There are 2 protein chains.
Amino acid sequence: MTFQVDTHRMGVNIASPAGASLAGLTHVALSVYQANSEVYGQGEPAGSLYIVEFGCVRVGRFTSDGRRYVVGFCFAGDVFGWESDVVHDFFAEAVEISGIRAVRPGRANDAPAKLLPLMLKSLRRFEQHLIVLRGTRVDERLAAFLCQLSERQDGESLVQLPMPRSDIGDYLGVSLETVSRILRRFKDRGIIRTPDTHSVEILDWQRLQNLCSA
Amino acid sequence: MTFQVDTHRMGVNIASPAGASLAGLTHVALSVYQANSEVYGQGEPAGSLYIVEFGCVRVGRFTSDGRRYVVGFCFAGDVFGWESDVVHDFFAEAVEISGIRAVRPGRANDAPAKLLPLMLKSLRRFEQHLIVLRGTRVDERLAAFLCQLSERQDGESLVQLPMPRSDIGDYLGVSLETVSRILRRFKDRGIIRTPDTHSVEILDWQRLQNLCSA
DNA sequence: ACTGCAAATTGACCAAAGTCAAGGGTGGCT
DNA sequence: AGCCACCCTTGACTTTGGTCAATTTGCAGT
């Protein structure tokens, strides 16, 4: 369930996190997606890039045997949709209510020049994910995940986790029960505090960083 | 220990796997690296891209606690070096004797246009790695690794594994002993055959694919 | 062919995480 | 307010894979 917002009526939003880098690329329309609604489905025809204005999007994939995995979470300013051929190899869904612009790169000469830095940023996200996934122990992965989320949320100690535990598990390659258990262990050790299920306050940066050892 | 080869003396090698896509980018020099020699080190100043002409390169990283992990293997035609900021966050080493061209993207207008497709290919490699790492069980990861290697080697059933078991382990996030054990299990089940330590013949594609379930 | 070293295999044991299952909280809907 | 559905937490048991250690294999150099 999505509805269109007329871009012209909104004017050029300089404050928008992605506005600058996307300016002049092409037809940019903002859609607002409700929680758990689909941006695109695995197998659908592709062609656009998407940039998150607000909210959170999970990009993932179903394996042939029905398991699901999440390759990334995108927050305000993040671009997704590269991970696609002629058809989408992945799906993208809003985690919470989210605003997303669809971008169709034009044939203009300078399009590649504008796309390159965006792509580099996406590449960095992939790298980060690799680092997270590579941690042998799950507590390392979760620690790295929390650190990176905090980093992407301006280094705040109070980290928002809009996604359910199952998403985190599917992102880290871990069962959702284990996510819950590790969080408990962190709490017991005084490393974090969980004011509510969807936010984590980092109390002891030092020990959390040590756990990552990336 | 590396030595320079004069590019002009070699002429334009149309048959070179990367020649076409790199033509006109900039100063391209071919260096030949002996097995286990360093292309660049973690922490060194960066600035170039590299393209493999022949051989195999591992790109990796040391964690602060001394463990090593491998983020990718590059074969003929693959580009690496994106994974770097002003200094290299990663190291790159030749696995076996390898020919590598260093490329300094110029300021030319069309440089981004040439780089974009190369980068997209690198992005795909990252995706593939993510898929491999995501497999919960190790036999899935190894199966996926073998399938992807075969794919990158023209779909041959006889797959070359120039890298040692420790590299494979560090790539899959698994101990080298486990790599060895899983290979044995595959052999016992008649899925593969290992004519020698550095090559694997895939005997039963069907069951190997089923194991990946990517 | 012989020696010596590095890489690979294999085994025994142990710790970590998955699975299955039961219970508890929370927010949305009527 | 009350009900229901979904998500999260926690526990018991089982499987998987890591670690340490002992061989074995394969290869380079003489």
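The structure presented is a predicted model; accordingly, all values stated were derived computationally and were not measured. Letters A, B, ... mirror the listed sequences (proteins, then strands); counts begin at 1.
- Here D:dT16 presents its C1' atom at 10 Å from CG of B:D139, a figure rounded to the nearest Å.
- Between A:F145 and A:Y171, the ring planes lie tilted relative to each other; the angle falls in the 30° to 60° range.
- In this structure, the CG atom of A:D196 is 11 Å from the C1' atom of C:dT26, given to the nearest Å.
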Verdict with supporting geometry, B:Q153 and B:V159, side-chain contact (heavy atoms from CB on, under 4.5 Å): CA-CA 7 Å; B:Q153 290 174 22; B:V159 180; 3.9 Å; yes

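- Aromatic ring pairs are classed by plane angle as parallel below 30°, tilted from 30° to 60° and perpendicular above 60°; the pair B:F80 and B:Y50 is parallel.
- Note on A:G173: only backbone sugar-phosphate atoms sit closer than 4.0 angstrom, heavy atoms only; bases stay farther off.
- Atoms CG (B:N36) and P (D:dC27) sit 15 Å apart, rounded to a whole Å.
- If you measure from atom CG of B:L142 to atom P of C:dT9, you get 11 Å, rounded to the nearest angstrom.
- Taking atom CD of B:E140 as the reference point, atom C1' of D:dT15 lies 14 Å away to the nearest angstrom.
- Residues A:F73 and A:D167 are in side-chain contact: their nearest non-hydrogen atoms beyond the backbone lie under 4.5 Å apart.
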Write out a two-atom table: protein N or O, nucleotide N or O from nucleotides 8-11 of chain D, distance below 3.5 Å.
unit_1: D:dC8; atom_1: OP1; unit_2: A:R165; atom_2: N; d: 3.1
unit_1: D:dC8; atom_1: OP2; unit_2: A:R165; atom_2: N; d: 3.0
unit_1: D:dT9; atom_1: OP2; unit_2: A:R165; atom_2: NE; d: 3.0
unit_1: D:dT9; atom_1: OP2; unit_2: A:S180; atom_2: OG; d: 2.9
unit_1: D:dT9; atom_1: O5'; unit_2: A:S180; atom_2: OG; d: 3.1
unit_1: D:dT10; atom_1: OP1; unit_2: A:R184; atom_2: NE; d: 3.2
unit_1: D:dT10; atom_1: OP2; unit_2: A:R184; atom_2: NE; d: 2.6
unit_1: D:dG11; atom_1: N7; unit_2: A:R181; atom_2: NH1; d: 3.2

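- Side-chain contact between B:E156 and B:S199: absent, with no pair of heavy atoms (C-beta onward) separated by less than 4.5 Å.
- For the pair B:R61 and B:Y69, the cation-pi test (distance below 6.0 Å, angle within 45°) is failed.
- Atom pair B:R137:CZ and D:dT14:P shows a separation of 18 Å (rounding to whole Å applied).
- B:E96 has its CD atom 16 Å from the C1' atom of D:dC27, to the nearest Å.
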